[in-house]
Enquirer: 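Got a structure here, written out as structure tokens. Questions coming.
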Amino acid sequence: MSFVTTLIPAQAPPAAPPKPFTLGRFFGNAFLGVWLALAVGIFMMIAGGWDPEKFAKYGPNYLSGLGVTLLLVALSVALGALLSLPLAFARMSKNPVLSWIAYGYVYFFRGTPLLTQLFLVYYGLGSFSAELKAWGLWWFFRDAWNCALLTFTLNTAAYQAEILRGAIESVPRGQHEGADALGLPKKVAFFKVILPQALIVALRPYGNEIILMIKGSAIVAIVTVLDLMGQTRLAFSRTFDYQAYLWAALMYLLMVELLRNLWAWLETRLTRHLKR
């Protein structure tokens, strides 16, 4: 008795049914066309009004302001990270007084605008110049850059403390129990087992916080700090050319995009053991 062993050849998939041209698709295509035409128009206007002499004249000032912005953000984020650890511990503390003090700090700095906080430090503390001189602190608070650094550090510390607290509390209870079963001291278990896992969880929110700090740093130009936005305002006041702000927008966009890609690579690198 013989059996047929010839297989049926692969068949082409059925053709997809044509999509009806609905009213929604019509308006979607129309809006897309308008935005595309607007983008082309803006590009042609920028290309037609490009002034290389202005760019060559004010380009070094922009680079100087960029350095001030990066230094301000880097220092404030680093100092805020150091301050956020005890704040996170205080928020998780069973001591109600300590917990409520930390909660009040976080609530204030997360609930009020960063610009208001900067004015309170720069203008508010400046009204107590006599007392600050008596305490030997006026050298710090008379400098706008120092006031901006202090404000940004206090602000990002509140956000980072909440990010860290949430990440620590998200670590499964079994990790704590496993560390106890191995006889690890509480301090060693926290820094060797709990905190590394919490930092992986907090990695993406940390990246978002740094991006927000980069964009929010533009407000220091109001208190005479010549950061990137400060140099932009100075260039615009002398040229009255809108492209001065366009250059700044592109530089901010470049900073954010580089940081976003760096953070994505770092997250992929640190979580590669979790991939299946």
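Reckoned from all heavy atoms, side chains included, excluding hydrogens, waters and symmetry mates. Just so we're clear, the structure is a prediction, and the values are computed from it rather than from any experiment. Start at 1 with the first residue, then count along the sequence.
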Enquirer: Following the transitive rule for hydrophobic clusters with a side-chain heavy-atom cut-off under 4.5 Å over Ile, Leu, Val, Met, Phe, Trp and Tyr, establish whether Leu70 and Leu226 coincide in one cluster.
Expert: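 No; tracing contacts between hydrophobic side chains, which count when under 4.5 Å, never links both residues.
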Enquirer: If you measure from CG on Leu234 to OG1 on Thr224, what distance do you get to the nearest 0.5 Å?
Expert: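 Interatomic distance, Leu234 CG to Thr224 OG1, rounded to 0.5 Å: 12.0 Å.
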Enquirer: Mind checking whether Trp100 and Tyr103 have parallel, tilted or perpendicular rings, split at 30° and 60°?
Expert: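 The arrangement is perpendicular - the two ring planes meet at more than 60°.
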Enquirer: Using side-chain hydrogen bond (donor to acceptor under 3.5 Å, both in side chains) as the criterion, list what pairs up with Arg110, not counting sequence neighbours.
Expert: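 By the side-chain hydrogen bond (donor to acceptor under 3.5 Å, both in side chains) rule, Arg110 matches no residue at all.
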Enquirer: Output side-chain donor-acceptor pairs under 3.5 Å for residues 209-222, partner residues at least two apart or in another chain, one line each.
Expert:
unit_1: Glu209; atom_1: OE2; unit_2: Thr156; atom_2: OG1; d: 2.9
unit_1: Ser217; atom_1: OG; unit_2: Ile214; atom_2: O; d: 2.6

Enquirer: Should Trp263 and Asn208 be marked as a side-chain contact (heavy atoms from CB on, under 4.5 Å) after you check the CA-CA gap, both sets of side-chain angles, and the distance that decides it?
Expert: CA-CA 9 Å; Trp263 226 252; Asn208 294 336; over 6 Å; no
Enquirer: Roughly how far, to the nearest 0.5 Å, is the CZ atom of Phe152 from the SG atom of Cys147?
Expert: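 Separation between the atoms: 12.0 Å.
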Enquirer: Exactly one of Tyr242, Tyr245, Tyr58 should register a ring-ring contact (aromatic ring centres under 6.0 Å, His included) with Phe236. Which one does?
Expert: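 Output: one option passes, namely Tyr245.
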Enquirer: Centres of the Phe109 and Tyr105 rings: under 6.0 Å?
Expert: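 Under 6.0 Å, so yes.
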Enquirer: Does any non-hydrogen side-chain atom of Asn61 lie less than 4.5 Å from one of Thr232?
Expert: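 The answer is no, as the side chains (C-beta and beyond) never meet within the 4.5 Å cut-off.
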Enquirer: What heavy-atom pair brings Leu83 and Ala157 nearest, and what distance separates the two atoms?
Expert: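 Looks like CD2-CB, 3.6 Å.
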Enquirer: What are the two closest heavy atoms between Phe108 and Thr112, and how far apart are they?
Expert: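 Closest heavy-atom pair between Phe108 and Thr112: O-OG1, 2.7 Å.
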Enquirer: Apply the test side-chain contact (heavy atoms from CB on, under 4.5 Å) to residues Leu228 and Met251: give CA-CA distance (whole Å), side-chain angles for both, the deciding distance (0.1 Å), then the verdict.
Expert: CA-CA 9 Å; Leu228 178 55; Met251 295 181 78; 3.8 Å; yes
Enquirer: For the residue pair Trp247 and Tyr62, does the interplanar ring angle fall in the parallel (under 30°), tilted (30 to 60°) or perpendicular (over 60°) class?
Expert: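 Aromatic pair Trp247/Tyr62 classed perpendicular.
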Enquirer: Are side-chain heavy atoms of Gln160 and Leu87 found at a separation under 4.5 Å?
Expert: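 Side chain of Gln160 against side chain of Leu87, heavy atoms only: no contact under 4.5 Å found.
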